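Notes follow once the structure below has been shown.
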Amino acid sequence: MLTVFGSTALDTIRTPKKTLKNVLGGAATFAAISASFFTKPGLIAVVGSDFPKKYHNTLKKYLDVSGLSLLKGKTFRYDGKYDKNLSVRETLKTELNVLGYFKPSVPKEYQKSDFVYLANNDPVQNTKIIKEFDHVKFSMCDTIEFWIKTKRNDVVEMIKSVDAVVINDEEAKLLTKEDNLIKCAKKIMRWGTSYVIIKKGEHGSLLFYEDIIFPSVGFPLESVLDPTGAGDSFAGAMIGYLASKKKTSISEIKKSVIYGNVMGSFAVERYGLDGLLRLKRSDITKRIKQYEKMTSFEEL
């Protein structure tokens, strides 16, 4: 089983062409729904009494929601604005609301999960909750600039408690105080994790393990509408794929990164979660084949 822990939110996203207000979002939401195309994830998150029933039904359709808590008050809200190139996002407002006093616990049926993903969340909570699982085969976490700037030491402690870290290039540099991504990855691995995956947006990603570096290109797209959730979709696909295979060999982890790139590409083609919610398994298979053709050196 796979458990995803993190935020479920009501997002306001402002892009040059369209503004979405109070739409379903959150790091755990994107990651878990992306993972659901490979396995049935359990979600640990919290929402407020203002959370729309239609969004609850969406989550229920894709995920096991017995770990989703409902507290009196407002749901976590995020408001962000993209520049004209969709390459820089400015945070306009973050309201933790019920997330600010949520005390998460792992439901009994989730405790035997072999795979656990700690989506972008308070690193102290993440480090605490990973200890509530009985026999984790593979665990992975993400973090963002906010936690690195406010709780850097706690982020390092969280990294020690997981098998893999997914982080974007700018945040890897900020966290490690290094300018070179290879040096960034080596320092993060020295802190105790085995795998480091550095996301580079449209340029793909870099996987580091021991002395192995596995670069993978991003899937080229003619149209990008909304990059929100791309990184979370990437990570969710990675761990969802691994959970479906029940294997964590380096060859399977390399394949999981490719699925991560592909699922991230679907996420950015539509607004909000629509890129994932309108997806069929056959679409993923088709794009994976396109990706293989695109990156193969063999004559086809």
Side-chain angles (χ1 to χ4, degrees), residues 2 4 6-20 22-39 41 43 45 55 58-59 61-63 78 80-83 85-89 117 119-120 140 142 144 166-169 171 197-205 216-244 255-288 290-291 294:
L2 164 64
V4 175
S7 62
T8 289
L10 295 176
D11 286 344
T12 294
I13 302 297
R14 305 169 196 273
T15 74
K17 291 183 179 178
K18 190 174 183 178
T19 294
L20 300 95
N22 297 322
V23 294
L24 178 59
T29 305
F30 274 96
I33 289 177
S34 179
S36 74
F37 287 91
F38 307 94
T39 189
L43 174 69
Y55 292 159
T58 298
L59 295 176
K61 180 180 175 183
Y62 290 87
L63 317 170
Y78 174 82
K81 179 184 179 183
Y82 285 98
D83 69 351
N85 297 317
L86 295 172
S87 56
V88 177
R89 183 174 69 184
Y117 177 57
N120 156 41
M140 198 161 83
D142 191 2
I144 57 166
V166 179
I167 190 168
N168 79 27
D169 47 3
E171 286 154 357
I197 301 94
I198 297 181
K199 301 171 291 184
K200 298 175 67 191
E202 64 182 302
H203 303 297
S205 62
S216 56
V217 298
F219 190 87
L221 296 170
E222 202 169 321
S223 174
V224 173
L225 296 181
D226 178 9
T228 309
D232 301 309
S233 302
F234 173 101
M238 265 194 75
I239 200 155
Y241 173 84
L242 291 172
S244 72
K255 287 177 191 171
S256 77
V257 170
I258 303 305
Y259 276 92
N261 279 316
V262 164
M263 291 300 286
S265 74
F266 284 118
V268 303
E269 285 186 307
R270 294 182 185 273
Y271 292 102
L273 274 160
D274 274 2
L276 298 181
L277 299 182
R278 296 191 184 193
L279 200 55
K280 298 186 183 74
R281 195 67 179 80
S282 58
D283 297 327
I284 300 169
T285 303
K286 183 180 176 183
R287 189 160 286 187
I288 286 287
Q290 287 177 294
Y291 191 100
M294 183 180 75

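The shown structure was predicted, so the numbers you read here are calculated from the model rather than taken from an experiment.
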Atom pair CD1 (I197) and CE (M140), whose distance is rounded to the nearest 0.5 Å: 6.0 Å
Could you grab the distance from atom OG1 of T228 to atom CG of L20, nearest 0.5 Å is fine? 8.0 Å
Do M263 and L276 have side-chain heavy atoms sitting under 4.5 Å apart? yes
If we count only N and O atoms by modelled type, under 3.5 Å, do the side chains of S244 and T39 hold a donor and an acceptor together? no
If you look at every heavy atom in A237 and G260, which pair is closest and at what distance? CB-CA, 3.9 Å
Verify the distance criterion only: is there a donor paired with an acceptor across the side chains of Y55 and T8 at less than 3.5 Å? no
Would you say that T58 contacts L277 through its side chain, given a criterion of any heavy-atom pair below 4.5 Å between the two side chains? yes
Would you say the side-chain atoms of Y291 pair up with the backbone N or O of K286, donor to acceptor, closer than 3.5 Å? no
Assess, by modelled atom type and distance only, whether the side chains of S216 and N261 contain a donor and an acceptor separated by less than 3.5 Å. yes
Rounding to 0.5 Å, atoms CG (L242) and CG (L2) come to a distance of 9.5 Å
Would you compute the distance between atom OG1 of T15 and atom CZ of R89 and round it to the nearest 0.5 angstrom? 12.5 Å
Whether N22 side chain and L10 backbone form a donor-acceptor pair below 3.5 Å: no
Enumerate the salt bridge (Lys or Arg N to Asp or Glu O under 4.0 Å) contacts for residues 262-276, please, sequence neighbours excluded, ordered by first and then second residue. E269-R287, D274-R278
Can the ring centroids of Y241 and F37 be said to lie less than 6.0 angstrom from one another? no
How far apart are the closest heavy atoms of A31 and V4, and which atoms are they? CB-CG1, 4.3 Å
Roughly how far apart are S34 OG and I239 CD1, rounded to 0.5 Å? 11.5 Å
Is there side-chain contact between T19 and I13, with at least one heavy-atom pair below 4.5 Å? no
When rounded to the nearest 0.5 angstrom, what is the spacing between CE in M238 and OH in Y259? 13.5 Å
G240 and A35: which non-hydrogen atoms are nearest, and at how many Å? CA-CB, 3.9 Å
Show, in sequence, the C-alpha distance, side-chain angles and deciding distance for Y82 and S87, and conclude whether the side-chain hydrogen bond (donor to acceptor under 3.5 Å, both in side chains) test is met. CA-CA 7 Å; Y82 285 98; S87 56; over 6 Å; no
Shortest non-hydrogen contact between A267 and G229, atoms and distance: CB-O, 4.4 Å
Residue pair V268 / S265: nearest heavy atoms and the distance that separates them: CG2-O, 3.4 Å
Taking only residues two or more places apart in sequence or in another chain, which ones pass side-chain contact (heavy atoms from CB on, under 4.5 Å) with S7? A27, F76, L99
Looking at V23, is its backbone amide N or carbonyl O close enough to the side chain of D11 to form a donor-acceptor pair, meaning the two atoms are under 3.5 Å apart? no
Taking the side chain as C-beta and beyond, is there a heavy-atom pair between F266 and S233 under 4.5 Å? no
Step-by-step side chain to side chain contact (heavy atoms under 4.5 Å, CB included) determination, L24 to T29: CA-CA 8 Å; L24 178 59; T29 305; 4.0 Å; yes
Let me see the working for D142 and K199 under salt bridge (Lys or Arg N to Asp or Glu O under 4.0 Å), right down to the final yes or no. CA-CA 11 Å; D142 191 2; K199 301 171 291 184; 3.5 Å; yes
Please report the shortest heavy-atom distance between Y117 and A235, naming the atom on each side. OH-CB, 3.3 Å
